[in-house]
Peer 1: 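Next up is a structure, given as structure tokens.
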Amino acid sequence: FFSLRSEVRVTMLNSLTAKAKASWKESIKQQKSNVEDKDKNKKRKRGFVVDKINKNKNEPSSKRRKIEINSKKKRVKKINYDLPLEVQKKRSVIKLSSLPSGMEEGAILLFFQQFGNITRYCLKRHRYGHSLRYGYVEFDHPSIAKIVEETINCTMLYGQMVDCRQVSFEKVNGSQFFKTNTIKKARQFKHLDHKKVKWNNHATIINLEFQFPEWQKKLINDENIINDNLKKYGINYQFHGFQKEIEKLKK
């Protein structure tokens, strides 16, 4: 009786383990299929032509790479800021300077919409995103710019006297006037510039430690230029930090 009971238990355990293994294998297959689907979607979003690559697997990798690059290039659209003179004659542009520091793109759009339809507008920003307090607004009618200049020139906005001038259609340079630097780009520039400064600082220390002669000559030349500029402006001070460090390392 006890032997039968033990045999039944063993068979039950074997069946349970077999079911568990089967379910585990199925779950792994599902996970793999989900990962493959996600990779395909990512490739499609990035511009990879997955169907063409799968069809042309027998072709060399260089040809497949060309297909991927061409598919990426098609998605990139360059904005043409410069309009022909015939189109620009039908529009009018104003230049705004000495704007209040808190006046952003949205406030400019809301304020100048009362004069007419705005086709393009731009607030000029620093490389790191700070407002330079001047910008350009373009209207869809040639007579609106004069009206705006007469009404807004030398008026107070948020405690600041705004200067508004009309720009003739011949002097309008679209790529210079309306090419914007977004805050997202400015953050990227700031991050990259900080990384560049850190890398240059590390590079100077490493090059001094390894005693590269070309780098040492470059540092000494920079020091000489600094000392010459100090003499020009009548400052009795000489900087020889790098030269002293190089002499110490040579010893």
Peer 1: Could you list the residues that satisfy side chain to side chain contact (heavy atoms under 4.5 Å, CB included) with Val87, not counting sequence neighbours?
Peer 2: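 Testing Val87 for side chain to side chain contact (heavy atoms under 4.5 Å, CB included), a comparison that skips the adjacent residues, returns Leu83, Pro84, Arg91.
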Peer 1: Give a yes or no answer on whether the side chain of Thr180 reaches the backbone of Thr182 with a donor-acceptor pair at less than 3.5 Å.
Peer 2: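 No, the answer is negative, given that no donor and acceptor are paired below the 3.5 Å cut-off.
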Peer 1: Going by the rule salt bridge (Lys or Arg N to Asp or Glu O under 4.0 Å), which residues pair with Arg187 if we only count those two or more places apart in sequence or in a different chain?
Peer 2: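 Once residues adjacent in sequence are excluded, Arg187 has no partner under the salt bridge (Lys or Arg N to Asp or Glu O under 4.0 Å) criterion.
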Peer 1: Could Glu105 and Arg125 be called an ion pair, given the rule that one side-chain N must be under 4.0 Å from one carboxylate O?
Peer 2: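 Salt bridge present between Glu105 and Arg125.
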Peer 1: Taking Gln114 for its side chain and Phe111 for its backbone only, find out whether a donor-acceptor pair lies under 3.5 Å.
Peer 2: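 Side chain of Gln114 to backbone of Phe111, a donor-acceptor pair under 3.5 Å: yes, one is there.
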Peer 1: Is the distance between the ring centroids of Phe139 and His141 less than 6.0 Å?
Peer 2: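 No, ring centres 6.0 Å or more apart.
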Peer 1: So do the side chains of Asp193 and Arg127 get within less than 4.5 Å of each other, counting heavy atoms only?
Peer 2: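 They are in contact (side-chain heavy atoms under 4.5 Å apart), so the answer is yes.
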Peer 1: Can you tell me how the ring of Tyr136 sits relative to the ring of Tyr134, calling it parallel under 30°, perpendicular over 60° and tilted otherwise?
Peer 2: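 Rings of Tyr136 and Tyr134: perpendicular, over 60°.
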Peer 1: Can you see whether Asn117 engages Thr119 through a side-chain donor-acceptor pair at a distance of less than 3.5 angstrom?
Peer 2: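 Side-chain D/A pair, Asn117 to Thr119: absent.
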Peer 1: Does Ser175 offer a backbone N or O that forms a donor-acceptor pair with the side chain of Asp82 under 3.5 Å?
Peer 2: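 Side chain of Asp82 to backbone of Ser175, a donor-acceptor pair under 3.5 Å: yes, one is there.
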Peer 1: I need the minimum non-hydrogen distance between Phe112 and Ile94, along with the two atoms involved.
Peer 2: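 Nearest heavy atoms, Phe112 then Ile94: CE2-CD1, 3.9 Å.
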Peer 1: Ignoring hydrogens and geometry beyond distance, is a side-chain donor-acceptor pair present between Gln88 and Glu138 at under 3.5 Å?
Peer 2: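 Glu138 and Gln88 do have a side-chain donor-acceptor pair below 3.5 Å.
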Peer 1: Would you say the side chain of Cys122 lies within less than 4.5 Å of the side chain of Lys179, judging by non-hydrogen atoms?
Peer 2: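 Side-chain contact under 4.5 Å: no.
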Peer 1: Taking the side chain as everything from C-beta on, heavy atoms only, tell me whether Val137 gets closer than 4.5 Å to Val148.
Peer 2: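 With C-beta onward as the side chain, the pair stays apart.
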Peer 1: Which heavy-atom pair separates Cys164 from Glu149 by the least distance, and what is that distance?
Peer 2: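 Nearest heavy atoms, Cys164 then Glu149: O-CG, 3.4 Å.
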Peer 1: Please state whether the rings of His130 and His126 are parallel, tilted or perpendicular, taking 30° and 60° as the class boundaries.
Peer 2: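 Rings of His130 and His126: tilted, 30 to 60°.
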